[in-house]
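Reading through the structure tokens given below for one structure.
Just so you know, these numbers come straight off a predicted model, no measurement behind them. So that the names make sense, note that chain A is the first sequence line, chain B the second, and so on, each numbered from 1.
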Amino acid sequence: MSKLSFRARALDASKPLPVFRCEDLPDLAEYASINRAVPQMPTGMEKEEESEHHLQRAISAQQVYGEKRDNMVIPVPEAESNIAYYESIYPGEFKMPKQLIHIQPFSLDAEQPDYDLDSEDEIFVNKLKKRMDISPLQFEEMIDRLEKGSGQQPVSLQEAKLLLKEDDELIREVYEYWIKKRKNCRGPSLIPAVKQEKRDGSSTNDPYVAFRRRTEKMQTRKNRKNDEASYEKMLKLRRDLSRAVTILEMIKRREKSKRELLHLTLEIMEKRYNLGDYSGEIMSEVMAQRQPLKPTYAIPIIPVTNSSSFKHQEAMELKEYKVKQDKPDVIRPKRKYEKKPKVLPSSAAATPQQTSPAALPVFNAKDLNQYDFPSSDDEPLSQVLSGSSEAEEENDPDGPFAFRRKAGCQYYAPHLDQPGSWPWSSPKEGRLGDVRYRYCLTTLTVPQRCIGFARRRVGRGGRVLLDRAHSDYDNAFHHLDLERFSSSQHSSISQFANTSETNTSDKSFSKDLSQILVNIKSCRWRHFRPRTPSLHDSDNDELSCRKLYRGLNRTGTAQPGTQTCSTSIQSKSSSGSAHIESATSLGLVHEILNHTDGSKSLQSSEFTAFTAEQYQQHQQQLALMQKQQLAQIHQQQANSNSSANTSQGFVSKTLDSVSAQFAASALVTSEQLMGFKMKDDVVLGIGVNGILQASGVYKGLHLSSTTPTALVHTSSSSAAGSALLQPSNITQTSSSHSALSHQVTAANSATTQVLIGNNIRLTVPSSVATVNSITTLNARHIPRTLSAVPSSALKLAAATNCQVPKVPASSSVDAVPRENHETEKPALNNIADNTVAMEVT
Amino acid sequence: MAEVGEVSEGCRLPVLRRNQDNEDEWPLAEILSVKDISGRKLFYVHYIDFNKRLDEWVTHDRLDLKRVQVPRKEAKTPTKNGLPGSRPGSPDRDPNGSARRAVAAQPGRKRKSACLGTDEDSQDSSDGAPSAPRMTGSLVSDRSHDDIVTRMKNIECIELGRHRLKPWYFSPYPQELTGLPVLYLCEFCLKYGHSLRCLQRHLTKCDLRHPPGNEIYRKGTISFFEIDGRKNKSYSQNLCLLAKCFLDHKTLYYDTDPFLFYVMTEYDCKGFHIVGYFSKEKESTEDYNVACILTLPPYQRRGYGKLLIEFSYELSKVEGKTGTPEKPLSDLGLLSYRSYWSQTILEILMGLKAEAGERPQITINEISEITSIKKEDVISTLQYLNLINYYKGQYILTLSEDIVEGHERAMLKRLLRIDAKCLHFTPKDWSKRGKW
């Protein structure tokens with residue numbers, strides 16, 4: 001038929017197909033052949049199996065009969081369905097719940113042993129039962145543990161005893177049985193389990209290995225950007241979590257330390273009670289014995305003198321100066337060790353003797369930093385200078401008390417061979433050789449005569465001892481005109497200051513008596529005249545005396561400070577004199593400022609000692625004073641205009657004469673301040689400084705709140721922060737106590753005034769001011785309570801970033817000790833450090 | 001006539017077998033293995049053109065030793081073939097014994113793999129080099145991993161509840177349990193033990209009375225439980241091991257994580273007894289709505305299989321998808337599915353009412369949407385039932401009297417049906433939960 005060549009259209013699944021009954025289409029058969037045009041669909045079976053006899057038979061039977069015949073079905077192996085004992089082994093009835101069954105997650109993990117006891121075991125257990133107490137379930141549990149504790153090799157009896165909680169005898173019995181049974185076992189374990197794949201991939205074709213892990217990686221999203229973002233999020237999450245872990249770890253350590261302390265205290269108390277040490281005598285005796293064990297950290301208040309080793313030749317201060325200038329490196333480590341622990345325990349090392357719980361800085365800022373805060377402060381240079389101490393942090397037996405290096409600091413090796421750290425120790429030994437304790441010309445008051453070279457020491461009970469030294473000029477000294485000298489001493493301080501810059505360059509010792517006198521007059525040689533304090537003028541005299549020393553002190557110790565400030569540049573002694581000059585000039589500036597601005601004498605109390613740390617402080621104070629002055633000028637424009645202007649002029653002049661190396665920073669600051677005065681504008685560089693100082697404030701206060709020992713000093717030295725830094729000047733400060741406190745309070749009030757005038761948030765400065773003023777009264781408690789406040793002040797200062805808050809910030813610095821390298825860090829990081837610290841503690 | 005001792009692996013010979021009508025037959029069989037038990041030789045025989053499930057151990061007296069075909073050793077060197085009775089290299093590569101098979105099978109496999117996915121082609125071509133099978137799906141059609149071990153049943157008998165089952169195929173139960181006359185399974189958790197005493201002990205500890213999943217369907221005594229292959233590994237693996245005994249193409253190569261298992265149970269006073277199950281990939285790239293499907297032998301030929309299939313399509317309806325079972329189908333699978341598809345489609349076609357004097361009509365897509373049966377399966381069923389005819393320039397569907405009567409008769413016998421109202425099922429979007 002021609003119809004056969006007719007090609008049908010493809011079957012369209014979306015085209016409607018009319019449904020007919022065959023009887024309605026009598027002519028359908030004529031068209032039937034065309035059906036073949038529709039392609040045959042595959043059955044979905046394997047071709048090989050499709051041809052199987054029984055299937056084909058079944059299919060054809062179905063097509064023939066429309067249904068399967070019983071004898072045409074595909075035969076399968078028979079199943080048996082009448083297990084007689086079924087009823088007996090499957091326990092009782094199970095009522096169908098009304099509700100659909102919902103399985104609770106993890107409810108399936110019943111703590112049942114996977115091992116099932118067999119008849120062989122049953123015999124053994126029954127036998128064992130006669131001697132020991134064992135149930136089948138207990139036996140199963142034991143076998144289960146033994147099996148799960150074993151790998152390829154069965155566990156040993158010793159291990160089995162650890163695994164099992166039963167009696168040793170029972171364990172041995174079961175163990176021996178188990179070992180024997182396991183040896184005869186065909187499989188790898190008495191608990192039959194499906195074979196696991198081997199890691200080396202050798203089991204790829206083992207037909208008994210099943211349920212292999214799918215090693216294919218989970219498909220990630222195609223959007224790469226998205227992937228990266230989520231990856232970063234995961235990293236961040238991980239970092240945050242590890243931070244949390246660190247913090248918790250620290251807390252744990254802290255609490256442990258607390259507990260330990262408590263236990264120790266208890267123990268001590270018990271021991272004391274047993275000994276009957278009710279008055280604390282034995283205790284103090286023991287403590288006294290213990291004291292020398294930790295000399296490096298000891299605060300040198302205890303007047304144990306070892307200065308007798310001084311030789312006569314070395315008594316000459318001028319020579320000592322030289323020695324000292326030549327060996328600045330020797331001096332510095334001592335300073336570090338003496339001060340660091342007290343100044344900055346929160347960031348560096350905590351001293352072991354600060355055992356009060358409140359004083360325990362239980363974390364290290366670095367620990368917290370290691371995960372985050374990509375610190376902008378980590379300048380490459382500073383990292384080179386001070387190797388990161390992260391490696392040391394691991395496995396340190398000292399725990400939180402371990403010394404940790406701070407990035408950006410230079411550390412020198414300690415001089416362990418040198419004893420003592422007293423202020424009167426010789427600079428040759430690497431000690432401070434504090435001017436006040438050096439041999440100098442001394443004149444007694446009561447038998448009024450010059451006794452030649454002598455030096456003072458603090459003896460028992462605070463008595464001042466004078467050590468005398470022989471010199472060739474003793475005779476000459478005895479004939480010195482004391483009245484003339486004393487009058488010259490009373491001459492203007494500014495005169496002294498003006499001439500002081502030349503004193504160190506005078507190296508040759510004049511043999512002429514008149515020359516000596518001239519030298520004394522011009523303050524090239526120091527001269528000490530103790531006075532019997534009179535009720536009326538003692539303050540003034542002491543003060544002036546102090547000032548004298550102070551000035552000399554400054555010249556003597558300025559160099560280390562200078563060097564510290566120019567962190568990376570280790571200037572050698574060749575430029576030493578220049579440094580001294582600059583330092584002196586700076587001091588001069590201060591003096592002048594003090595005198596021109598009558599209402600303020602705060603600065604005079606600041607410079608009792610010069611140290612590396614204080615150099616920065618010094619500089620900031622300079623800037624601060626100027627700022628304060630400027631602010632005041634701002635306030636009382638008309639009134640103090642002329643005087644302020646003159647002082648400003650003087651400042652700039654003086655600074656011009658300063659040597660270039662030192663002046664860089666100071667000069668810049670003053671110039672900026674000048675600029676500020678004119679434009680009333682924000683200067684960014686100072687802004688950063690201001691914030692830095694603020695962070696310094698925080699640290700200082702934080703410290704004082706946690707170190708009672710330091711607080712004692714704060715109170716005794718009446719909030720003159722420098723005194724805190726150098727407790728060795730205790731006699732001096734105590735003697736001049738009233739005067740100083742007076743000055744400080746005055747200064748504080750002045751500062752507060754400025755602050756209020758400048759419309760700054762009152763909380764910050766006022767709190768600082770309170771700290772300052774109250775410390776004079778009760779320094780022990782207040783700083784602790786206020787320690788939290790400055791941190792918020794920090795944040796404020798950082799957030800506002802304007803010129804105004806810097807004034808209060810830096811003013812508050814005056815009252816508290818601070819570390820110079822810390823201030824060199826960018827502000828934000830400091831704040832970050834501190835805020836983290838706050839969270840932890 | 002060959003001696004019994006000369007009959008070795010690879011030999012072909014007629015073997016006595018009793019058929020369903022209890023008549024003796026002598027179909028050609030291949031010796032797959034020989035074993036010696038206390039001096040008595042046993043031969044594992046595969047009847048050519050019969051399904052593997054009928055393979056069995058026979059004694060020598062059932063062998064027709066007169067008509068032994070000894071395998072030639074090498075296909076490439078047929079003239080210099082080995083001595084009769086010598087052991088061939090590898091039984092399943094025997095070129096002589098399964099020459100017809102090999103020729104018939106190879107192209108078939110190729111074609112199938114081509115339609116199943118491209119990755120299988122490479123596996124076929126790299127035949128011999130062991131490579132891991134594809135990671136989706138639950139069935140293998142590629143037999144390159146087959147060896148003599150997997151071609152032979154390894155479990156004699158399984159006791160499950162009140163039933164004893166004769167496994168049809170190899171299953172990777174722990175090897176130490178394979179030689180046992182009976183393997184004892186807990187009928188609720190499907191845990192295996194080597195002795196009745198073990199089972200008894202286990203039953204004192206096992207408090208399961210139903211599959212450890214959520215019941216998502218219950219009507220009368222029939223319930224369906226959903227089990228997550230990732231969350232309930234132990235049960236899923238035990239179920240797979242049991243199922244493998246009856247599913248030739250099932251693979252247990254990989255873990256059960258990407259599958260859900262729907263276990264059909266029948267309740268009686270002892271609990272919910274497993275009748276059958278089907279597994280389903282959580283996410284299928286090939287529209288599979290069933291991976292493996294099995295009615296346990298004691299429940300076969302009673303409509304449970306169709307019930308399982310019906311249930312799988314009900315799930316697809318809830319999901320709003322069409323689906324198809326994973327290939328390859330077994331012989332029983334093909335029959336069951338064809339039967340289900342036929343009945344379902346005929347039900348629809350016969351239910352169509354003429355509208356306004358016009359002929360009732362329907363598209364294939366509409367059938368597919370209503371039933372959730374994939375379009376290709378609809379077409380193949382229509383073809384199989386010979387309903388598609390080309391008449392006067394268009395395709396029409398014709399219902400013959402035989403078909404209608406046959407269908408009506410079958411539907412009368414089909415009493416077990418799924419009631420969609422009893423289904424409490426919310427499909428999960430597995431793609432959003434992370435894979436598997």
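- Every residue meeting the ring pair (Phe, Tyr, Trp, His ring centres under 6.0 Å) condition with Phe170(B), not counting sequence neighbours, appears here in chain and number order: Tyr208(A).
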Leu399(B)/Val19(A) under side chain to side chain contact (heavy atoms under 4.5 Å, CB included): CA gap, chis, key distance, verdict = CA-CA 7 Å; Leu399(B) 297 170; Val19(A) 181; 3.9 Å; yes
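- Within a 6.0 Å radius of CD in Gln196(A), no more than 12 heavy atoms belonging to other residues, nucleotides or ligands are found.
- If you tally non-hydrogen atom pairs under 4.5 Å between each of Ser236(B), Pro297(B), Ser400(B), Gly179(B) and chain A, the highest count goes to Ser400(B).
- Scanning both residues, Lys205(B) and Pro113(A), for their nearest heavy atoms gives NZ-O, 3.2 Å.
- Highest contact tally toward chain B, considering only Glu78(A), Lys195(A), Glu50(A), is held by Glu78(A) [criterion: heavy-atom pairs under 4.5 Å].
- With a 4.5 Å cut-off on side-chain heavy atoms, Ile74(A) and Gln300(B) do not count as touching.
- In this structure, chain B has a heavy atom under 4.5 Å from the backbone of Asn82(A), while its side chain stays farther away.
- To the nearest 0.5 Å, atoms CG (Asp116(A)) and OH (Tyr192(B)) are separated by 11.5 Å.
- Residue contact with chain A, scored on non-hydrogen atoms closer than 4.5 Å, is absent for Val378(B).
- If you tally non-hydrogen atom pairs under 4.5 Å between each of Ser195(B), Ser330(B), Cys206(B) and chain A, the highest count goes to Ser330(B).
- Contact of the Lys327(B) side chain with the Pro42(A) side chain is not registered, since no non-hydrogen atoms from C-beta on lie closer than 4.5 Å.
- In this structure, chain A has no heavy atom under 4.5 Å from any part of Phe246(B).
- The minimum heavy-atom distance between Ile83(A) and Gly161(B), with the atom names listed, is CG1-O, 4.0 Å.
- Of the possible donor and acceptor atoms, one in the side chain of Tyr90(A) sits under 3.5 Å from a partner among the backbone N and O of Glu187(B).
- The two atoms that bring Pro192(A) and Leu177(B) nearest to each other are CB-CD1, 3.8 Å, heavy atoms only.
- The shortest side-chain heavy-atom distance between Phe211(A) and Cys240(B) falls under the 4.5 Å cut-off.
- Of the two parts of Tyr235(B), neither the backbone nor the side chain holds a non-hydrogen atom closer than 4.5 Å to a non-hydrogen atom of chain A.
- In terms of non-hydrogen atom pairs under 4.5 Å with chain A, the most contact-rich of Glu326(B), Lys392(B), Lys244(B), Glu358(B) is Lys392(B).
- Pro91(A) has its side chain within reach of Arg209(B): a pair of non-hydrogen atoms, C-beta onward, lies under 4.5 Å apart.
- Interface remark: Lys270(B) contributes backbone and side-chain atoms alike to the contact with chain A (heavy atom separation under 4.5 Å).
- Counting heavy atoms from C-beta on, the side chains of Asp207(B) and Gln112(A) never come closer than 4.5 Å.
- Annotation: salt bridge (Lys or Arg N to Asp or Glu O under 4.0 Å) contacts of Lys148(A) (sequence neighbours excluded): Asp114(A), Asp144(A).
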Please assess Leu196(B) against Tyr85(A) for the test side chain to side chain contact (heavy atoms under 4.5 Å, CB included), listing each intermediate value before the final yes or no.
-> CA-CA 10 Å; Leu196(B) 184 59; Tyr85(A) 49 76; 3.5 Å; yes
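- His210(B) and Phe94(A) have tilted rings, their planes meeting at an angle from 30° to 60° on a 0 to 90° scale.
- Of all the heavy atoms in Met41(A) and Ser380(B), the pair that sits closest is CB-CB, 3.4 Å.
- With a 6.0 Å radius and a threshold of 12 heavy atoms from other residues, nucleotides or ligands, Asp21(B) has its CG atom above the threshold.
- For Arg197(B) and Asp121(A), the salt-bridge test fails: no basic side-chain N is under 4.0 Å from an acidic carboxylate O.
- Ranked by heavy-atom pairs under 4.5 Å with chain B, the list Val194(A), Leu55(A), Leu117(A) is led by Leu117(A).
- Atom CG of Asn214(B) is separated from atom CG of Leu100(A) by 9.0 Å, given to the nearest 0.5 angstrom.
- Ranked by heavy-atom pairs under 4.5 Å with chain B, the list Ala84(A), Ser88(A), Gly187(A), Pro77(A) is led by Pro77(A).
- Of all the listed residues (Glu366(B), His194(B), Glu56(B)), the one sharing the greatest number of non-hydrogen pairs under 4.5 Å with chain A is His194(B).
- At a threshold of 4.5 Å between non-hydrogen side-chain atoms, the residues Asn232(B) and Ile103(A) do not count as touching.
- The minimum heavy-atom distance linking Met45(A) with Leu334(B) is given by the pair SD-CD2, 3.5 Å.
- Contact check on Glu87(A) versus Arg162(B) returns a salt bridge, with a Lys/Arg side-chain nitrogen under 4.0 Å from an Asp/Glu carboxylate oxygen.
- Looking at Tyr173(B), only its backbone comes within 4.5 Å of chain A, counting heavy atoms on both sides.
- Proximity to chain A is absent for every atom of Asp377(B), based on heavy atoms less than 4.5 angstrom apart.
- Within the 4.5 angstrom heavy-atom criterion, only side-chain atoms of Leu25(A), from C-beta onward, approach chain B.
- Heavy atoms from other residues, nucleotides or ligands lying under 6.0 Å from NZ of Lys233(B) number more than 12.
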Run the numbers on Arg201(B) and Tyr115(A) for side chain to side chain contact (heavy atoms under 4.5 Å, CB included), then give the verdict.
-> CA-CA 9 Å; Arg201(B) 277 299 305 168; Tyr115(A) 182 77; over 6 Å; no
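- For a residue to count as touching a neighbouring chain, one of its non-hydrogen atoms must lie under 4.5 Å from one of that chain's; by this rule Leu387(B) does not touch chain A.
- Side-chain contact between Val76(A) and Arg53(B) is present, with at least one heavy-atom pair separated by less than 4.5 Å.
- Looking at Asn19(B) and Pro75(A), their side chains never come closer than 4.5 Å, going by heavy atoms from C-beta outward.
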Go through the steps to decide whether His53(A) and Tyr47(B) satisfy the test side chain to side chain contact (heavy atoms under 4.5 Å, CB included), and finish with yes or no.
-> CA-CA 10 Å; His53(A) 171 73; Tyr47(B) 301 102; over 6 Å; no
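- Counting heavy-atom pairs under 4.5 Å between each of Gln200(B), Arg218(B), Gln361(B) and chain A puts Arg218(B) at the top.
- Contact count versus chain B (heavy atoms, under 4.5 Å) is highest, among Ser119(A), Ala210(A), Pro207(A), for Pro207(A).
- With a 4.5 angstrom heavy-atom cutoff, Ile396(B) touches chain A via backbone and side-chain atoms both.
- Glu401(B) places no side-chain N or O within 3.5 Å of a backbone atom of Glu23(A) that could act as its donor or acceptor partner.
- Heavy-atom pairs under 4.5 Å with chain B peak, among Asp12(A), Val209(A), Ile59(A), at Ile59(A).
- Annotation: maximal heavy-atom pairing with chain A below 4.5 Å, among Asp402(B), Leu160(B), Leu332(B), occurs at Leu332(B).
- Closest approach of Glu49(A) and Asp248(B) over heavy atoms only: OE2-OD2, 3.5 Å.
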